[in-house]
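Atoms considered below: every heavy atom in the structure, side chains included; atoms not considered: hydrogens, waters and symmetry mates. For the single chain, residues carry numbers from 1 onward in sequence order.
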Amino acid sequence: MTRSSILSFLLWQLLFAAGPWCLTLTHAAPGSWQLLQKSIGIAAMHMQLLHNDRVVMFDRTDFGPSKLPLPNGKCRRDPHDTALKVDCTAHSAEYDVLTNTFRPLNVLTDVWCSSGAAMPDGRLIQTGGFNDGDRVVRVIQPCATCDWQEIQNGLLARRWYATNHLLPDGKQIIIGGRQQFNYEYYPKTGAAKNLYALPFLTQTYDKNIENNLYPFVHLNVDGNLFIFANNRAILFDYGANKVVKTYPTIPGGDPRSYPSTGSSVLLPLRNLQAAAVEADVLVCGGAPKGSYIQAANGNYKTALNTCARIKITDPAPQWVMETMPIARVMGDMQLLPDGTVLIINGASSGSAGWENGRNPALNPVIYQPNTAIGKRFEVQNPTTIPRMYHSTAILLRDCRVLVAGSNPHQKYEFTGVLFPTELRVEAFSPAYLDAKFANLRPKILAPASQAKIGYGQKLAVQFSVTGALAAKAVMVTMVAPSFTTHSFSMSHRLLVLDGAGPVTNVGKLTYQVEVMTPGSGNLAPSAYYLLFVVHQRIPSEGIWVHLQ
């Protein structure tokens, strides 16, 4: 460890001892943390929750040996690997949420900085990576003994730092990546066999820095794609390969995409039966222009403390700026069942990239979209584990958020560094899980989990509440679990289902509410979703529903 690293480490320790990054809190912050695993054996750089309540995680194959052996003496043999030609350790794992156990998975080619999404049938499709993995498509089924299957040359272009999104027709679109100013589809059928140019990615490319990798992609309610890269966005008709709207540049002009690395979500979709459904996008954090080069020279600039919000369905949309209580780069954003947004992980200075982050942002923040500007952010209790470059967070069915990963090094480094490779897995529980709310918490009785539902139909949801029911404070939400990596949650969305009638009493402490399912794949592509009943802002445990 160098002298400067030691001084930085000592300063970090002093700041941590002084409190959660010198924030002055007038009351006890909400939220709690639970350590789930002291070591899962790999750094969870990528995560996806599947509909069997298991989370697939992976890092990369060229870190050297992990701390998770492959079973039964199995070894991965890859003559192209840059670290180990024969590797008897795993670089992917499956975490069973219900039993808090995990097992190794065998990924064969390099998945470093790749992308993915779950298909309508529940399979996880993972695309690209580095070296011999950059054109590979990998598939894993949600089953207790399933492992990765790999399709060589499944992609037309090298996909490294690309973004995937599930589409209304059941295909995935795969956009961009390093030196790739184009997009393609999976699976390869009909016109999906072709590669399509996307000049917007050329226009947003900063020479020698890029700042347009892992673009933020959201499916708009009209079926077009909102694509954000660097500091601006377009609305894109991918079928016609045509830009249908160009959005203003974010005020200030600072980049928000990798390696400046902010995060983004499509805010909860409401009033789904309206003639025109509105959609808002939120982009938070990142690093000021020039931060990547500055960090490489040892100057770690303070991260951005702003969020930019835009109604992408407006005829003349404009960004509205808001100030976060904590500056943050490399943060993750997750939609919570109650319709709020969790901002978690990352650093308060520096940028993404090897060794480029400083000052861990230990306190999560909750963003409340429907509260007045200036009152939307609430600081949460801090973790004790820095989650820097290559960290992840995803929503679980029980309403906790699984948090893992962090490896700002070119290989596994467990000692002698400022931020060691992190193998621990923890869960953050928002305040809505506090025991004091137990009498308000609904329990879904029907339909059963794994139920199949159709489009534009009435859905009767039965639930129980042990305390007094506030019928006007009941809502039903539906969340698409995300593929999360590098501070972006791909294919993530939340819908508030409109009520088709009042809440009725159907038994002792048992109630029913009828809601309408989404009317089209533009609102919600066919897939497995988590369905929640929320009562007075307290969500039930979710059930799985298969929208098809």
Measuring from atom [atom1] of [X] to atom [atom2] of [Y], what distance do you get when rounded to the nearest 0.5 angstrom?
X      : Y      : atom1 : atom2 : result
His46  : Ile394 : NE2   : CD1   : 13.0 Å
Cys284 : Phe377 : SG    : CZ    : 5.5 Å
Tyr214 : Ser257 : OH    : OG    : 12.5 Å
Ile227 : Thr163 : CD1   : OG1   : 9.0 Å
Phe437 : His535 : CZ    : NE2   : 12.5 Å
Thr384 : Leu35  : OG1   : CG    : 8.0 Å

> Looking at Leu342, Leu282, Ile344, Thr484, which one forms a side-chain contact (heavy atoms from CB on, under 4.5 Å) with Met333?
Replying inline: Leu282
>> Out of the candidates Arg387, Met388, Met330, only one should pair with Pro360 under the side-chain contact (heavy atoms from CB on, under 4.5 Å) rule; please name it.
In response: Met388
Are side-chain heavy atoms of [X] and [Y] found at a separation under 4.5 Å?
X      : Y      : result
Ile326 : Ser348 : yes
Met324 : Val365 : no
Asn522 : Val221 : no
Pro430 : Leu336 : yes
Pro369 : Asp280 : no
Leu225 : Leu219 : yes
Tyr247 : Ile312 : yes
Leu530 : Trp544 : yes

> Do the ring planes of Phe226 and Trp319 sit parallel (below 30°), tilted (30 to 60°) or perpendicular (above 60°)?
Replying inline: perpendicular
Could you tell me if the ring centre of [X] sits under 6.0 Å from that of [Y]?
X      : Y      : answer
His390 : His486 : yes
Phe488 : Phe228 : no
Phe236 : Phe200 : no

Which atom of [X] lies closest to which atom of [Y], heavy atoms considered:
X      : Y      : result
Tyr455 : Gln548 : CD1-O, 3.9 Å
Ser540 : Cys399 : O-SG, 3.1 Å
Ile250 : Ala308 : CD1-CB, 3.7 Å
Val379 : Pro30  : O-CD, 3.4 Å
Ser349 : Asn359 : OG-ND2, 3.1 Å
Ala404 : Val425 : CB-CG2, 4.1 Å

> Could you walk me through whether Gln334 and Ser489 pass the side chain to side chain donor-acceptor pair (under 3.5 Å) check?
Replying inline: CA-CA 7 Å; Gln334 279 286 296; Ser489 294; 2.7 Å; yes
Whether [X] side chain and [Y] backbone form a donor-acceptor pair below 3.5 Å:
X      : Y      : value
Glu210 : Asn212 : no
His492 : Leu335 : yes
Asp237 : Gly239 : yes

> Under the disulfide (SG to SG under 2.5 Å) rule, what pairs show up with a residue in residues 468-548, not counting sequence neighbours?
Replying inline: none
> Can you list the steps and then say if Tyr432 with Val534 is a side-chain contact (heavy atoms from CB on, under 4.5 Å)?
Replying inline: CA-CA 10 Å; Tyr432 56 50; Val534 183; over 6 Å; no
>> Which residues pass the disulfide (SG to SG under 2.5 Å) test with Cys113, not counting sequence neighbours?
In response: none
> Does OH in Tyr161 sit with more than 12 non-hydrogen atoms of other residues, nucleotides or ligands closer than 6.0 Å?
Replying inline: yes
> Any chance the side chains of Tyr95 and Asn100 put a donor and an acceptor closer than 3.5 Å?
Replying inline: yes
>> Looking only at the side chains, is there a donor atom on one of Arg232 and Gln203 sitting less than 3.5 Å from an acceptor on the other?
In response: no
> Is there a side-chain contact (heavy atoms from CB on, under 4.5 Å) between Arg270 and Asn370 once you walk through the steps?
Replying inline: CA-CA 11 Å; Arg270 299 173 179 270; Asn370 299 322; 3.0 Å; yes
>> Evaluate Val320 against Ile373 for side-chain contact (heavy atoms from CB on, under 4.5 Å), listing each step before the verdict.
In response: CA-CA 10 Å; Val320 176; Ile373 290 180; 3.7 Å; yes
> After noting the C-alpha distance and the side-chain angles of Asn363 and Gln380, does the key distance pass the side-chain contact (heavy atoms from CB on, under 4.5 Å) rule?
Replying inline: CA-CA 6 Å; Asn363 292 78; Gln380 308 292 293; 5.9 Å; no
List the atom pairs, donor and acceptor, that lie under 3.5 Å between side-chain atoms in residues 459-480 and the rest of the protein, sequence neighbours left out.
from   : atom 1 : to     : atom 2 : distance (Å)
Gln462 : NE2    : Gln512 : OE1    : 2.9
Thr477 : OG1    : Pro337 : O      : 2.9

>> Run the salt bridge (charged side-chain N to carboxylate O under 4.0 Å, His left out) test on Lys443 and Glu541 for me, step by step, so that the C-alpha distance in whole Å, both residues' side-chain angles and the decisive distance to 0.1 Å come before the verdict.
In response: CA-CA 7 Å; Lys443 179 180 180 182; Glu541 185 174 273; over 6 Å; no
> Which one of Asn231, Asn211, Thr306 satisfies the side chain to side chain donor-acceptor pair (under 3.5 Å) criterion with Arg256?
Replying inline: Thr306
